[in-house]
Amino acid sequence: RGGQRYTGVVELRNASKHVNRELDSEKRDDTTLEILLDEEVSSREDVERLGIAVGDIVCLDPRARVTDSRFLDDKLSAGMLLTLARGVAEGTVRLSRKVTLFFSVYEEVGHGASCGLPEDTEDLLVVDMGCVGEGLSCREQQVSICAKDSGGPYNYDVVKTQIRLAKENGIDFAVDIYPHYGSDVEATLKAGNDIRHGLIGPGVFASHGYERSHVDGVENTFRLIKAYLG
């Protein structure tokens, strides 16, 4: 009523498909839905400081789009890798090792990176989306470091290195286990590749739904990629 306008989304409280396996059967009503503001707030007091109060009007956007979309899994990570390549070409990013960028179009099918990797590959760092949901610690503003998913644990030394680099560089991060998630790593290892493997990504809420992330999560992920390869 003070004239401010804020955007947000209406979501299930536990809206990420990779976290909540019963998502499709969960009822939608005022006991399971919430409004997530596109502001960095985490308490009632934070919301009230924005000027939002009981009785304010909530308008639902029809979400009509002509050429745009919000399918962040996995546009965000592909964009970061392309930005990395541009930085190397322009000389603003320096690498300490040989790096190959591998874009898989069959990751969701299950055999995305089972072939095609260079023979001298030692590490495979998968850059995908980080899970956000009940029981996990990651927020959309963070880079998520996956310690284990449905296919098993990721390489201990790789995960430990990612955590160390995040701390040393002041990168906002979380370490989580994804209960219903699989990455290209599984197909790569099953195909017989003897490599170390890791998985990171920006926190994405409502995965495989009306996905939402934050520019801070993208920046933190990109910083960790550069630190790991630098």
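Cluster annotation: Phe205 and Val215 are assigned to distinct hydrophobic clusters (Ile/Leu/Val/Met/Phe/Trp/Tyr, side-chain heavy-atom contacts under 4.5 Å, transitive). Criterion: ILVMFWY side-chain heavy atoms under 4.5 Å apart, direct or through other members. Under it, Tyr6 and Leu33 are not part of a common hydrophobic cluster. Hydrophobic clustering of Ile, Leu, Val, Met, Phe, Trp and Tyr side chains at less than 4.5 Å, counting indirect connections, unites Leu189 with Leu124. Under the 4.5 Å side-chain heavy-atom criterion for grouping Ile, Leu, Val, Met, Phe, Trp and Tyr, Val93 is connected to Val143 within one hydrophobic cluster. In the hydrophobic clustering of this structure, Val132 does not group with Leu37; members are Ile, Leu, Val, Met, Phe, Trp, Tyr whose side-chain heavy atoms approach within less than 4.5 Å, directly or through other members.
In this structure, the side chain of Asp176 engages the main chain of Ser137 through a donor-acceptor pair within 3.5 Å. Judged by distance alone, with hydrogens and angles left aside, the side-chain atoms of Arg1 form no donor-acceptor pair with the main-chain N or O of Ile52 at under 3.5 Å. Here the side chain of Ser96 pairs a donor or acceptor atom with the backbone of Leu229 at under 3.5 angstrom. Using a distance-only test at 3.5 Å, with no hydrogens or angles considered, no donor-acceptor pair links the side chain of Tyr154 to the main chain of Val185. Remark: side-chain polar atoms of Ser144 are not paired, donor with acceptor, to backbone N or O of Gly130 under 3.5 angstrom. A side-chain donor-acceptor contact under 3.5 Å links Asn169 to the backbone of Leu165. Judged purely by atom type and a 3.5 angstrom limit, Asn20 uses its side chain to pair as donor or acceptor with the backbone of Asn14. Between the side chain of Ser213 and the backbone N or O of Val204 there is no donor-acceptor pair closer than 3.5 Å.
With values rounded to the nearest 0.5 angstrom, Leu199 atom CG is found 10.0 Å from Glu186 atom CD. With rounding to the nearest 0.5 angstrom, the CD1 atom of Ile200 is 11.0 Å from the SG atom of Cys146. To the nearest 0.5 angstrom, Leu12 atom CG is 10.0 Å from Glu134 atom CD. If you take CG on Asp157 and CD on Gln162, they are separated by 11.0 Å, rounding to the nearest 0.5 Å. Thr161 contributes atom OG1, which lies 10.5 Å from atom OH of Tyr156 (distance to the nearest 0.5 angstrom). The distance from the CZ atom of Arg139 to the OG atom of Ser42 is 8.0 Å, given to the nearest 0.5 Å.
Annotation for Asp194: atom CG does not count as buried by contact number, only 12 or fewer foreign heavy atoms lying within 6.0 Å. Shown here is Arg28, whose CZ atom has more than 12 heavy atoms of other residues, nucleotides or ligands within 6.0 Å. More than 12 heavy atoms of other residues, nucleotides or ligands shown are found within 6.0 angstrom of CD on Glu90. At most 12 heavy atoms of other shown residues, nucleotides or ligands fall within 6.0 angstrom of atom CZ in Arg94.
Within the 4.5 Å cutoff, the side chain of Lys160 has no heavy atoms near those of the Arg164 side chain. Annotation: side chain of Val88 is in contact with side chain of Leu95 (closest heavy-atom distance under 4.5 Å). Here the side chains of Glu40 and Asp216 are in contact, with some heavy-atom distance below 4.5 Å. Between Tyr228 and Arg97, the closest side-chain pair of non-hydrogen atoms falls below 4.5 Å. For the pair Thr7/Asp61, no side-chain contact is recorded, criterion being any heavy-atom separation below 4.5 Å from C-beta on. Using a 4.5 Å heavy-atom threshold, the side chains of Asn220 and Gln141 count as separate. The side-chain heavy atoms of Thr221 and Val218, taken from C-beta on, include no pair separated by under 4.5 Å.
Take Thr100 and apply the side-chain contact (heavy atoms from CB on, under 4.5 Å) test, not counting sequence neighbours, and it matches Lys98, Pro118. Every residue two or more places apart in sequence or in another chain was checked for a salt bridge (Lys or Arg N to Asp or Glu O under 4.0 Å) with Glu219, and none qualifies. Phe103 pairs by the side-chain contact (heavy atoms from CB on, under 4.5 Å) definition with Ala78, Leu81, Leu82, Leu101, not counting sequence neighbours.
Residues Asp128 and Ser77 have side chains that never bring a donor and an acceptor to within less than 3.5 angstrom of each other. In the model, Tyr178 has no side-chain atom that pairs as donor or acceptor with a side-chain atom of Ser183 under 3.5 Å. A donor-acceptor contact under 3.5 angstrom links the side chains of Gln142 and Asp172, judged on distance only. At a cut-off of 3.5 Å, with distance as the only test, no side-chain donor of Thr188 or Asn193 sits close to an acceptor on the other residue. No side-chain N or O of Ser207 forms a donor-acceptor pair with one of Tyr181 less than 3.5 Å apart.
Note on ring orientation: taking the six-membered ring where Trp is involved, the planes of His18 and His208 are perpendicular (angle over 60°, cut-offs 30° and 60°).
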Steps toward side chain to side chain contact (heavy atoms under 4.5 Å, CB included) verdict (Val126, His197): CA-CA 8 Å; Val126 175; His197 53 295; over 6 Å; no

Verdict with supporting geometry, Thr31 and Arg13, side chain to side chain contact (heavy atoms under 4.5 Å, CB included): CA-CA 9 Å; Thr31 65; Arg13 295 182 184 276; over 6 Å; no

Begin with the C-alpha distance, continue with both residues' side-chain angles, and end with the deciding distance and a verdict on side chain to side chain contact (heavy atoms under 4.5 Å, CB included) for Phe173 and Val175. CA-CA 7 Å; Phe173 75 99; Val175 180; 3.8 Å; yes

His180 vs Val19, side chain to side chain contact (heavy atoms under 4.5 Å, CB included): CA-CA, chis, key distance, verdict: CA-CA 6 Å; His180 313 299; Val19 181; 5.6 Å; no

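Pairing each heavy atom of Ala147 with each of Val159, the nearest pair is CA-CG2, 4.4 Å. The minimum heavy-atom distance linking Ala206 with Glu11 is given by the pair CB-OE2, 3.3 Å. The two atoms that bring Leu136 and Pro179 nearest to each other are CD1-CD, 4.4 Å, heavy atoms only.
Classification of Arg196 and Glu122 as a salt-bridged pair fails, no side-chain N sitting under 4.0 Å from a carboxylate O.
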